[in-house]
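One structure is given below, encoded as structure tokens.
Below, read A as the first sequence line, B as the second, and so on, with proteins coming before strands; counting in each chain starts at 1. It should be emphasised that the depicted structure is a prediction, and the values quoted were computed from it without experimental measurement.
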Amino acid sequence: MKIDVTLPDGTVRSYDEGATAMDVAKSISEGLARNVLAAKVNGEVRDANRPLPRNCSLALLTWNDAEGKSTMWHSSAHLLAEAVEALYPGTKFGIGPPIEQGFYYDIDLGERTIGDGDFAAIEAKMKELASKKLVFERRAVPKAEAIAYFTDKGDEYKLELLEGLQDGEITFYTQGNFTDLCRGPHIPDTGSIKAVKVMSVAGAYWRGDEKRKQLTRLYAIAFPKQKELDEYLVLLEEAKKRDHRKLGKEMDLFTFSERVGAGLPLWLPKGAALRERLIDFMKTAQEEAGYVQVATPHIGSKQLYVTSGHWEKYGKDSFQPINTPQEGEQFMLKPMNCPHHCEIFASRPRSYKDLPLRLAEFGTVYRYEQSGELHGLARVRGFTQDDAHLFCRPDQVKEEFLKVIDLVLLVLKALNFEHFEAQVSLRDKEDRSKYIGSDENWEKAEQAIIDAAAECGMKTVVEYGEAAFYGPKLDFMVKDALGRRWQLGTIQVDYNLPERFELEYVGSDNAKHRPVMIHRAPFGSLERFIAVIIEHSAGRFPLWLAPEQAVILPVSDKFVEVAQGLAKQLKALKIRTSVDERNEKVGRKIRDAELAKSPFMLVVGEKEAADNTVAVREHGQGDLGSMSTVAFAAMIQERIKEQLALA
RNA sequence: GCCUUUGUAGCUCAGGGGUAGAGCACUUCCUUGGUAAGGAAGAGGUCCCGGGUUCAAUUCCCGGCAAAGGCUCCA
């Protein structure tokens, strides 16, 4: 009997019955066979050494496929477990899945602990075991036998996992001396695991439940080549160098104070100016797009949030109400601006002719985050949103989405983000009971979002079931210079708040209608956005945003006055500049200016003083030669225009 | 909040039961210079906070605070 195997390119090959994916690989080339980690058979990832079903489609998975990679990491987790069991006999095992960057295994060491100092020994053991090319053997096991095995071993975690499994669907995988309850699939043998690194150790609750026992989680990563591990470590180093917390300190942008409180950033002059520039940029763009600015206080009565529903949903996990001393009234620090904006909408009768009404505010909001969740500027307890709420008619949703997408694209361009996609979150296809708002409106809005994203030519991913209960949304997923993904910018339809605040407008039919509300924040929060752009740009901000655009370096004390005159000229032309008046040599001043990431350095000495020119040096580019002061200013302004898409 | 790690000069970090260390930054002086570190001298500390052990604690122990990583990615 022969079986037919269809390969991804459409070719059909014939094999003897019982052939495995590995056999197919070998028939194509030895090199391919060496690299095969797993196989995708009829869309399902399986062991490469399992016999293929008759007439199937087959894709051979290697390190270059996401699924091949995660299979390798999953197998590496088993290898980690084997090493740990060898070094720490009696260890009990929880789960050990692959993750985005590597894998982990949750283990219970009893009274023992593992620290950074133990990693090297674990890595050495893993490498030793891996080099034996231990084969991963799959075996279907009756439930009773599986229970007997782990009872005998004394591993209560595996026993608990077994409870949730049906007899007949249980499989064991064994490599070397280690047998694990596992669905698989796995790589053929441990030989392809050439480089491993234990990254960190952390506590993790069994089954993610904080009431249950905390296990020790070992994070690690593995590669088929030492070189790839080295490159990965270099990338981590680069990420560390770009860490916004480090750069923020070096560049005097912001700081934190224990006395002020954790998660409450203090903006230093240069950082505050940076914020202002971002705000100005957005205000200008919003003004053109027909927004109006509003301003609302930092607190609001508790009743406001009872009305909005936020009290019920987030009340006990928020900063608790502030009480007035005399009347005992309760106020909340505002966790969002929308309830205030709803009241502005409701402050007078609205006609359909007033819509869309676009209320914008750089509103600072306060949210309680658990102390362990705080992270530099990326996760704080007080932050400013570039918030706006668009009140419109259902038929205006698409138009408004288009305009907001334009705004976000403008932001992404101005900050040199080149890789991004739209993630559209829609209702669950099956269960529609958990959503508020009419079916008709939802369908209209969902279609409007999809159409708007398509019209803008955005790469779009649609996620069903990811919508909030109050409406569908579109998020921008952005890749930074190191290939890390961030969620920036969000546009959300909301049917809930207009309902709760009983917002209305008078239609052309002279009847009352409920407006649709759209929340949107292109930056998201200024704090988080700045964290991302610091890391994306490694602190080398686009010229229009840079704290200082040019630093003037007099060749010696004799030319300080000339330099000051030049600074005055440039400032009049709206170029941010300063003079390095220190009694140092030019070489030293240049070095310091390069390290400070000043975009341009202007060297002035006898020659420049004589003919009113500047010797221009660009950061990271070197000497650009001399030009007149006017020409330099024009060049800067030209570059900024281009960057901001104003040209 | 919980687990692991960390907390020493403005910054980066070494050290260690008995008077506190380096490099950079800072101050002063010398030097007056042309595209990535000129030279010298000096100043700078509640060794995170509180308690305990000790003749003696920055060091060891306990507690707190803050920071970093993790606690979602289901054998």
> Using purine N1 to pyrimidine N3 plus N6-O4 or O6-N4 for Watson-Crick, or N1-O2 and O6-N3 for G-U wobble, both under 3.5 Å, which nucleotide pairs with B/G1?
Replying inline: B/C71
When you measure from the side chain of [X], which nucleotide among [options] comes out closest?
X	options	value
A/R591	B/A75, B/G1, B/A37	B/A37
A/S200	B/G34, B/G69, B/G1	B/G69
A/Q370	B/A75, B/G34, B/G1	B/G1

>> Any donor-acceptor pair, under 3.5 Å, between the side chain of A/E606 and the base of B/G33, if you only look at N and O atoms?
In response: no
>> Quiz question: going by heavy-atom distance under 3.5 Å, is there a donor-acceptor pair between the base of B/G33 and the side chain of A/N583?
In response: yes
Should [X] be listed as having a side-chain N or O under 4.0 Å from OP1 or OP2 of [N]?
X	N	result
A/R588	B/A36	no
A/R379	B/A68	no
A/H375	B/G70	no
A/K249	B/U12	yes

> Salt bridge or not for A/E237 and A/K241, using N-O below 4.0 Å?
Replying inline: no
>> Between A/K153 and A/E85, does any side-chain N to carboxylate O distance fall below 4.0 Å?
In response: yes
> Taking the same atom, C1', in B/U59 and in B/U6, what whole-Å distance lies between them?
Replying inline: 16 Å
>> What's the gap between B/C48 and B/U8 when it is taken at their C1' atoms, as a whole Å value?
In response: 10 Å
>> With side-chain contact (heavy atoms from CB on, under 4.5 Å) as the test, pick out the partner of A/L553 among A/V579, A/I590, A/L602.
In response: A/I590
>> For A/Y219 and A/Q101, which I'm curious about, is there any donor-acceptor pair between the side chains at under 3.5 Å?
In response: no
>> I need the OH-P distance between A/Y104 and B/G69, as an integer number of Å.
In response: 18 Å
>> If I take atom CZ in residue A/F256 and atom P in nucleotide B/G7, what distance separates them, rounded to the nearest angstrom?
In response: 21 Å
